[in-house]
Amino acid sequence: MFLTLFGLVLAVAVVCFFVGRSRAVAVSGANYSALHSLPSYHGWWLVLMAAGPAFAVLVFWSLVSPYLLRPMMLSQFAPQLTEFSAAQLDGFWRDIQAIAGGGTPGVRDAFREEAAAAYQSTNRLSLIAMVALMIVLGAVGFSYAWNAIAVHFRARHRVETAVKVFLAASATVAILTTVGIVMSLLFESLRFFTMVSPLDFLFGTTWTPQQMAFRTDQVGGTAAFGFIPLLTGTLLITFIAMMVAAPLGILAAIYLSDYASPKVRAVGKPVLELLAGIPTVVYGFFAALTVAPFIRNSGQSFGFDVSSESALAAGVVMGIMIVPFVSSLSDDVINAVPQSLRDGSAGLGATKSETIRRVVLPAALPGIVSALVLAVSRAMGETMIVVMAAGMAANLTINPLEAVTTITVQIGTLLTGDQEFDSPKTLAAFGLGLSLFVITLSLNLVALRVVNKYREQYD
Amino acid sequence: MNSLPSFETTAATSAVPTAAVHPKITGRNVNVFYGEKHAIKDVNVDIPERSVMAFIGPSGCGKSTFLRCINRMNDTISICRVTGDIRIDDKDIYDRSLDVVQLRARVGMVFQKPNPFPKSIYENVAYGPRIHGLVKSKSELDEIVETALKKASLWNEVKDRLQESGTGLSGGQQQRLCIARAIAVSPEVILMDEPCSALDPIATAKIEELIDELKQNFTIVIVTHSMQQAARVSQRTAFFHLGILVEEGTTDQIFTNPVDTRTRDYITGRFG
């Protein structure tokens, strides 16, 4: 139904555009230069005024009406529904929608049939009201806009305003979505922290949420929600990854931007960027099946005790995954350093590497720092490689040869499978998510400060 | 390398009176190619010591290209090829045994657009001495920086803010900073590639005044689009056209009594 109406509004809009345009041509007496705005702007003006409100009504009504209809229906059948639990009410609501819409309901009985019929008639009424409103608004808008079209009418300005409003609305949607996500993270975390003390969470050194008893009659171990082992695991793996990615990435960027011949650069850069296109799960089994055994074997030959899943394996592979981020962004900023600076340095008798070390890199530093921070955020948020190569054991250790786990891996584990949403075990995921969010956010803020500080110095 | 007695070379050599001063730089049969493009054709020129020589000519005539041959800045362009013989103090600068880094320490360069490094004023001037290891102590470096800035007549304007960024100076000050930066490595030759083209008239006048002072200690070669500037600052002038050195002589002679009709047309503003 929505799609049909949407198509109709669209068709009306197209017609309005041409009507408005020809109307403008007509009022100008086919003399375009007399018009304040080009005819097509008058066309757009008519579209906005006639189809715009109708479209808004359509979208708004379609979004809102279910929320209005449900309480209406439930109150209409309130006497029969007194026994129903919240979940049963949801089921009932789904059933009558399914019956009315010709789908397959969970339960079909006389009562539900009756409710469905009532629902259908109310729904039809609502639909008719909506269409009527659309037509009225459209007609009013059309006649207003039609009469407004004149030689001196500033249709261009009106359309520009509408464009601005539309863009602002898009930006608002994006921002509100983000705010919404953060809010839900925040509120679910608050629920978690009412069950588990924030102090235990932030400073506890054991992480054993799986020992939580599912039912009250079940004998369970003691669940502990200490976040420290996860934090150290995350930081350890991120650190190892950056130890690999930062030097490799920056040096590769320097080579590509300043040393490589155009031919090498033309091939090398895309190949390096191809690394960024490999799915992380592929890196994951590369880490688990190739790198981890290699590290274990070589570790054993040196007499170290290496577990088959190690932070080192995950970190190294993650580092390789991040290299293209660092190198590609660094390459861009290094290239952006003006050639005149390089010439100036070369003109004073500096060698290439002196020029790069003393002039190019300092000038590119803010950009390189932000590239590194982006890479750190990416490393912290990475899950798959760690699941496959570093394990799930929440060991509190900084030994890179042992198995560790990270925040993201634990979020994944906590939320997979059938879960209850009121147990601290599930809600712990939100607590972890919030912590990760705070860490990456503060990291970005710090980086922004650093970048701005250097930028002032160098511009 | 064999020199054909072409029109250009004869014109050039015929216009060179035996220089009273010993030539610091000599170019013989210099050809420059950018890939297929023949940018400089058989240029012969003598540049006398401790004086200012101006290269003039319309855009794309090869004057900057020739200038960049003198400190081998063209080496950085991979498709560029230089043949012929360029000597400084009778030493072939394209000789294999010559270290281009040392050459550039002897032949400083000032570019068209001021290009101070994004460092402090002090660090800009100290850059050259540092990379060449010219100093042993901080006080020695301080002295070099001060002397260079004084020679570039910038000292009085910046002495209280040596630690501020060089990029914060005005355009003219930046260009004088670049000159100070070049002077700091005590070169023998300073090449200037249209050093005033990005500057306003007052800043230009200051730079010209400075060039006039610098010629007591340095051999200066300047490329300029402004014929008035060439007339004001130089003792000798060379006119380039389409990669050919058309005419070379004392600045007075070039501007008052040019031999070649092309020079005359250019000087009188008929083309270029």
Side-chain angles (χ1 to χ4, degrees), chain A residues 250 253-269 330 332-371 449-459, chain B residues 67-68 70-79 99-120 123-134 163-168 174-175 177-187 190-193 198:
Chain A
I250 293 174
I254 292 172
Y255 173 72
L256 282 179
S257 64
D258 277 79
Y259 284 89
S261 67
K263 264 186 200 163
V264 174
R265 183 182 159 80
V267 177
K269 206 175 180 220
S330 305
D332 288 346
V333 289
I334 290 173
N335 260 327
V337 174
Q339 183 62 33
S340 68
L341 290 184
R342 293 183 171 89
D343 285 348
S345 176
L348 286 166
T351 60
K352 207 160 191 172
S353 72
E354 280 169 340
T355 301
I356 286 165
R357 219 172 45 239
R358 289 167 176 262
V359 176
V360 177
L361 284 186
L365 195 66
I368 293 175
V369 168
S370 61
R449 287 288 295 275
V450 171
V451 169
N452 282 339
K453 187 169 162 264
Y454 276 103
R455 187 155 292 156
E456 277 166 12
Q457 205 175 326
Y458 281 125
D459 267 351
Chain B
L67 187 79
R68 290 167 68 94
I70 300 175
N71 68 344
R72 292 183 49 182
M73 278 302 276
N74 287 328
D75 289 11
T76 56
I77 302 163
S78 57
I79 56 163
D99 182 0
V100 70
V101 165
Q102 282 169 354
L103 170 71
R104 288 184 191 149
R106 288 172 60 204
V107 184
M109 185 153 193
V110 176
F111 295 84
Q112 193 167 356
K113 233 184 99 208
N115 57 350
F117 301 132
K119 298 173 183 291
S120 70
E123 284 301 320
N124 261 284
V125 183
Y127 183 81
R130 280 213 168 117
I131 56 172
H132 292 295
L134 296 181
Q163 295 312 320
E164 282 173 36
S165 174
T167 50
Q174 286 188 14
Q175 195 62 300
L177 178 62
C178 293
I179 293 175
R181 191 172 71 182
I183 292 172
V185 284
S186 27
I190 300 176
L191 309 176
M192 297 188 174
D193 190 355

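In this text the structure is predicted, and so the values were computed from the model without any measurement. Letters go in sequence order (proteins before strands), and every chain restarts at 1.
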Identify which of B:R106, B:R72, B:M73 forms the greatest number of heavy-atom pairs closer than 4.5 Å to chain A.
B:M73

Do you know the tightest heavy-atom contact between B:F117 and A:L341?
CE2-O, 3.4 Å

Any side-chain heavy-atom pair of B:P118 and A:V337 under 4.5 Å:
no

Select all residues of residues 257-267 of chain A having any heavy atom within less than 4.5 Å of some heavy atom of chain B, and report them by number, or 'none'.
none

Closest heavy-atom contact between A:D343 and B:F111?
O-CZ, 3.4 Å

Most heavy-atom pairs under 4.5 angstrom with chain A, which of B:H132, B:M109, B:E164?
B:H132

side-chain hydrogen bond (donor to acceptor under 3.5 Å, both in side chains) involving A:N335 - partner list, sequence neighbours excluded:
none

The side-chain contact (heavy atoms from CB on, under 4.5 Å) partners of B:P187 (sequence neighbours excluded) come to B:V185, B:I190, B:F218

Testing the basics here: between A:P362 and B:K119, what is the closest heavy-atom pair and its distance to 0.1 Å?
CG-NZ, 4.3 Å

Rounded at 0.5 Å granularity, tell me how far OG in A:S345 sits from CZ in B:R104.
9.5 Å

Closest-packed option against chain B by number of heavy-atom pairs under 4.5 Å, given A:A350, A:G347, A:P338:
A:G347

Which pairs pass salt bridge (charged side-chain N to carboxylate O under 4.0 Å, His left out) with one or both residues in residues 348-370 of chain A, sequence neighbours excluded?
none

Distance in Å, B:N115 CG paired with A:Q339 CD, rounded so as to fall on 0.5 Å steps
10.5 Å

